[in-house]
There are 2 protein chains.
Amino acid sequence: MRIGELGQATCVDPETIRYYERIGLLPAPVRRTNGYRAYGLAHLERLAFIRHCRALDMPLADVQRLLHLLDHPLDDCLDVDRLINTHLAHVQGRLQSLQALARQLEQLRGRCHGRHTTAECGILHELVAAAQGEGCVCHDGSAPNSPEVI
Amino acid sequence: MRIGELGQATCVDPETIRYYERIGLLPAPVRRTNGYRAYGLAHLERLAFIRHCRALDMPLADVQRLLHLLDHPLDDCLDVDRLINTHLAHVQGRLQSLQALARQLEQLRGRCHGRHTTAECGILHELVAAAQGEGCVCHDGSAPNSPEVI
DNA sequence: TAAAAACCTTGTAGCCACTACATGGTCAAG
DNA sequence: CTTGACCATGTAGTGGCTACAAGGTTTTTA
């Protein structure tokens, strides 16, 4: 398989495949005499695994660790469990911030009714007011830095 | 106000403040004789506005547009409405993918029971199987590229 | 047969929103 | 008078790609 064919089979841009090779995620394949990369089934499966993990929104570093564990079948699998749990906690946290975010944005929307100048715009007024009224979290003792929405 | 004081008052790292100035989001303040930046109340309010928008997860380009509209009170405020709506749609889309994601991860978790080798790990098996069984979306006609979780 | 197109190669730079570091100047307290 | 906290600038790194540029190869078309 050439890189383009592998890309088609997995829906991955060839540039991304080369990128995965560059950062050591996908092993470098053998080359044809003309220098083209020649992939086999093992590469296809590995790439599919990577993309599935990415579809689960895992960072490439985590994928790297899972691949390593796959390559060493005798290792302890406790790490897999931990990794998935950590990732799930991360996703759930992000979910919560996003929900709060959507609520705030919904409140904001509809404050601006039709055509008028920005000077009278309810949304802008609300944003400015909220920014001013906002106490800095790091000042009332809790967190050292503002809890950023990620 | 020096940059550190402004940073404390708004919970923003001084390096981030300099960054905002560099990309033209925060106007360059006057300088003291020693070269230190000297900020006033207007800067503080503008920075608070920026951070509030960022807390709503808006990209800086959107914040830039809102600031421009704030600076031009006679402009049409329809843009504000559109911007917020677009952003809300974006957030809601992301929320949906994240929810699907969390469900998948929850299914995955618990497939690995206790201590054994990775060769017998249910999670890893599941991941590999899912990756193999996964038809490529771009092959059954719908989207040109796989719908990425963002 | 020639030209055009589609593929491949490498390397580099850009995206976003910061963050970290290196190197050096300035200022207040002990 | 030294120590430490602050400030200045500029550069490089983060993640996960994406987009070139400049060239070589292969396939298709006229």
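Below, chains carry the letters A, B, ... as their sequence lines are ordered, and counting in each starts from 1.
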- So, is A:Arg54 close to the D:dC17 phosphate, meaning a side-chain N or O under 4.0 Å from OP1 or OP2? yes

- State which of C:dC7, D:dG16, D:dT9 makes the closest approach to the side chain of B:Arg18. D:dT9

- Message: Given C:dA17, D:dA19, C:dT9, identify the nucleotide with an atom nearest to the side chain of A:Arg31.
- Response: C:dT9

- Message: Of the listed nucleotides (C:dT26, C:dC18, C:dC8), which one gets closest to any side-chain atom of B:Asn34?
- Response: C:dT26

- Query: Which part of the nucleic acid does B:Ile23 contact within heavy-atom distance under 4.0 Å: base, sugar-phosphate only, or nothing?
  - Reply: nothing

- Please give, in whole Å, the distance from D:dC7 C1' to B:Leu6 CG? 14 Å

- Query: Should we say atom CD of A:Gln96 is surrounded by more than 12 heavy atoms from elsewhere, each under 6.0 Å from it?
  - Reply: no

- Phosphate contact (C:dA6 OP1 or OP2) by A:Arg2 side-chain N/O below 4.0 Å: no

- Item | Given DNA chain D, 5'-ward residue of the pair A:Leu60 and B:Glu15, judged by closest heavy atom | B:Glu15

- Message: Counting the atoms with a prime plus P, OP1 and OP2 as sugar-phosphate, which does B:Pro14 contact under 4.0 Å by heavy atoms, base, sugar-phosphate, or nothing?
- Response: nothing

- Task: With side-chain hydrogen bond (donor to acceptor under 3.5 Å, both in side chains) as the test, would you mind laying out the steps for A:Glu106 and B:Gln92 before giving the verdict?
- Result: CA-CA 10 Å; A:Glu106 273 157 19; B:Gln92 282 169 339; 3.0 Å; yes

- Message: Among C:dT10, C:dT19, D:dC17, which nucleotide has an atom closest to any side-chain atom of A:Arg37?
- Response: C:dT10

- N or O in side chain of A:Thr16 less than 4.0 angstrom from D:dT18 OP1/OP2: yes

- Query: Using a cut-off of less than 4.0 Å, is there contact between a side-chain N or O of B:Tyr20 and OP1 or OP2 of C:dC18?
  - Reply: yes

- Task: Provide, to the nearest angstrom, the distance between the CD1 atom belonging to A:Ile3 and the C1' atom belonging to C:dA6.
- Result: 15 Å

